[in-house]
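As structure tokens, the structure follows; a few thoughts come after it.
Below, all heavy atoms of this structure are taken into account, side chains as well, without hydrogens, waters or symmetry copies.
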Amino acid sequence: MPITISDSQYMARALRLAERGIYTATPNPRVGCVIVNDGQIVGEGWHHKAGGDHAEVVALKAAGDKCRGATAYVSLEPCNHHGKTGPCTEALIKNGIVRVVYGQEDLNPEVSGAGIQRLREAEIEVDGPLMEREARALNPGFNKRMATGLPYVRIKMAVSLDGRTAMPDSNSFWVTGPKARADVQRLRAQSCAVITGWKTVEQDQASLTVRPEEFGLDAKLAERQPLRVLIDSRNQLDEKAKFFREISAVLVANLDRNTQEGHIEHKCFPEKDGHVNLGALLAELAGRGCNELLVEAGAGLAGAFFRQGLVDEMVIYMAPKMMGSQARGLFDLPLSIMDEALPLRFIDVRTIGRDIKIVAVPELE
């Protein structure tokens, strides 16, 4: 059946529903579903968290008997395998859905194309992808992990107008204003893990937890705390540091220790140039189901991620202040000629409070 304006409108609604899982759905993708019968929405749902009902099942339950003869709009291809829940394809078939419109194909090898095929075998009409770009944007980490075996890496930095992150005495409180810092809480909350270095934690006395109450944000942001990953190759951070006193899970990536003590795990990784191999760390985190990672670190570690080609997105909060030539720079990138410059593409620039938020991605050649 040809795609209509109504199809796009219902898919847009499914995408908005999927966004509700932005902080909780991991390691699963964020998915929304709308069921329409005779031009009326009769059921809708979204995937809240792993182990719970998928979006399709939530919507089917909401629709009840009105499912029969209806169309289901799903932001992601319905699954066709048994995990913690049953296949969504079988639920759609059993409940009498006659047409399915999907946003993007699922890149999970256990699903990819199989869900669509199963529905068609059951003589259900399947159309899509529809609004694929928007659907993919909902799940950059899940898509990348399924396609490459690595998570999506964001680097967040707070800088002055002259590109400085901290004064010579290491003081960085506070470069940006409260609204920018509140936005960082949202970034943390949607991330599966937050990565930092031991020097950053020591100098800033950082905990890197999600603390919505400090910024007047919805407490639901802290429903799921991200894994906090500390890169400390030689276990130099004092174990009495504030970072360790917080009870959410910590993974200390080092070169010589494998231990588990309460919520703190020390894990030994391969070495690269005298430090933890970042590629090996990312592969380990992907294996643990991490889709999106947020790097909050100093110029050295942030620069290392860039030098090794591991950055997917950069989020810069720029404050309207000058910190001077003695202050610390943004990235440790020892480039010497223009041909070595790393090209980026802006995908979003906006004011946030008194600061500017810049989102950029590496420009593909």
Under the criterion side chain to side chain contact (heavy atoms under 4.5 Å, CB included), I'd like the reasoning laid out for H266 against I264: C-alpha separation, chi angles, the key distance, then a yes or no.
CA-CA 7 Å; H266 288 75; I264 303 171; 3.7 Å; yes
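- Side-chain contact check for P320 versus D355: some heavy-atom pair is nearer than 4.5 Å.
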Side chain to side chain contact (heavy atoms under 4.5 Å, CB included) for I35 and E44? Distances and angles first, verdict last.
CA-CA 6 Å; I35 296 177; E44 58 184 29; over 6 Å; no
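- The backbone N or O of L60 sits nowhere less than 3.5 Å from a side-chain atom of N95 that would complete a donor-acceptor pair.
- Donor-acceptor pairing under 3.5 Å is lacking for the side chains of N28 and N291.
- Nearest approach of F269 to L255, heavy atoms of both residues: O-CD2, 3.5 Å.
- Using a 30° and 60° split on the angle between ring planes, H47 and H54 fall in the perpendicular class, above 60°.
- Here R118 pairs with E90 in a salt bridge; the nearest charged N to carboxylate O distance falls below 4.0 Å.
- Here the side chains of L282 and F305 are in contact, with some heavy-atom distance below 4.5 Å.
- A donor and an acceptor atom, one from each side chain of Q104 and N143, are located under 3.5 Å apart.
- Salt-bridge annotation for R350 and D348: present, with a side-chain N of the basic residue lying under 4.0 Å from a carboxylate O of the acidic one.
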Can you give me every donor-acceptor pair (side chain of residues 16-24, partner residue at least two apart or in another chain, under 3.5 Å) with its distance?
residue, atom, partner, partner atom, Å
T24, OG1, H48, O, 2.5

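- Heavy-atom neighbours of K321 NZ from other residues, nucleotides or ligands within 6.0 Å: above the threshold of 12.
- The minimum heavy-atom distance linking N37 with G69 is given by the pair OD1-O, 4.0 Å.
- Atom CG of N258 sits in a crowded spot, with more than 12 heavy atoms from other residues, nucleotides or ligands closer than 6.0 Å.
- Applying the side-chain hydrogen bond (donor to acceptor under 3.5 Å, both in side chains) test to D127 and every residue at least two apart in sequence or in another chain returns R99.
- V175 and A319 get closest at one heavy-atom pair: O-CB, 3.1 Å.
- Legend: salt bridge (Lys or Arg N to Asp or Glu O under 4.0 Å) pairs involving residues 144-168, not counting sequence neighbours, sorted by first then second residue: K144-D312, R154-E292, R154-E313, K156-E296.
- Partners of F142 by ring-ring contact (aromatic ring centres under 6.0 Å, His included), not counting sequence neighbours: none found.
- Other residues, nucleotides and ligands contribute more than 12 heavy atoms inside 6.0 Å of the CD atom of E121.
- There is a side-chain donor-acceptor pair under 3.5 Å between S207 and R211.
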Between V101 and Y10, does a side chain to side chain contact (heavy atoms under 4.5 Å, CB included) hold up when you go through it step by step?
CA-CA 10 Å; V101 182; Y10 294 130; over 6 Å; no
Walk me through whether D256 and N235 qualify under side-chain hydrogen bond (donor to acceptor under 3.5 Å, both in side chains).
CA-CA 9 Å; D256 57 11; N235 298 296; 3.0 Å; yes
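- Taking a cutoff of 4.0 Å between a charged side-chain nitrogen and a carboxylate oxygen, E265 and R288 qualify as a salt bridge.
- In Q326, the CD atom is not crowded: 12 or fewer heavy atoms of neighbouring residues, nucleotides or ligands sit closer than 6.0 Å.
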Begin from the C-alpha positions of D183 and K357 and carry the test salt bridge (charged side-chain N to carboxylate O under 4.0 Å, His left out) through to its verdict.
CA-CA 9 Å; D183 198 59; K357 178 181 180 181; 2.8 Å; yes
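- Contact of the Q205 side chain with the F243 side chain is not registered, since no non-hydrogen atoms from C-beta on lie closer than 4.5 Å.
- Within 6.0 Å of atom CD1 in I3, more than 12 heavy atoms from other residues, nucleotides or ligands are found, so the atom counts as buried in its surroundings.
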I'd like to know whether W198 forms a side chain to side chain contact (heavy atoms under 4.5 Å, CB included) with I231, so could you lay out the CA-CA distance, the side-chain angles of the two residues, the decisive distance to 0.1 Å, and finally the verdict.
CA-CA 6 Å; W198 74 272; I231 298 179; over 6 Å; no
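- In this structure the side chain of V111 never reaches within 4.5 angstrom of the side chain of N80, judged on heavy atoms.
- Contact annotation: the side chain of V295 never approaches that of V194 to less than 4.5 Å [non-hydrogen atoms, C-beta and beyond].
- A side-chain donor-acceptor contact under 3.5 Å links E271 to the backbone of D273.
- Because its NZ or CZ atom is not both nearer than 6.0 Å to the ring centre of Y73 and within 45° of the ring axis, R13 does not count as a cation-pi partner of that residue.
- Atom CD of Q236 sits in a crowded spot, with more than 12 heavy atoms from other residues, nucleotides or ligands closer than 6.0 Å.
- Of the possible donor and acceptor atoms, one in the side chain of S75 sits under 3.5 Å from a partner among the backbone N and O of G32.
- A salt bridge (Lys or Arg N to Asp or Glu O under 4.0 Å) check over residues 128-141, counting only residues at least two apart or in different chains, returns the pairs E132-R136.
- Side-chain contact between L294 and P226 is absent, with no heavy-atom pair separated by less than 4.5 Å.
- Residues meeting the side-chain hydrogen bond (donor to acceptor under 3.5 Å, both in side chains) test with S233, sequence neighbours left out: none.
- Side-chain atoms of E123 do not come within 3.5 Å of backbone N or O of E125 as any donor-acceptor pair.
- The closest donor-acceptor contact from the side chain of R228 to the backbone of L251 lies at 3.5 Å or more, if one exists at all.
- Side chain of S112 to backbone of N108: no donor-acceptor contact under 3.5 angstrom is found.
- Taking every heavy atom of both residues into account, G300 and D332 meet most closely at CA-CB, 3.9 Å.
- The shortest heavy-atom contact between N277 and G279 is OD1-N, 3.0 Å.
- Side-chain atoms of D204 never come within 3.5 Å of backbone atoms of A206 as a donor-acceptor pair (strictly under, hydrogens ignored).
- No side-chain donor-acceptor contact under 3.5 Å links T176 to the backbone of Y317.
- The two residues E77 and I116 make their nearest non-hydrogen contact at OE2-N, 3.1 Å.
- Taking the charged nitrogens against the carboxylate oxygens, E246 and K242 have no contact shorter than 4.0 Å, which rules out a salt bridge.
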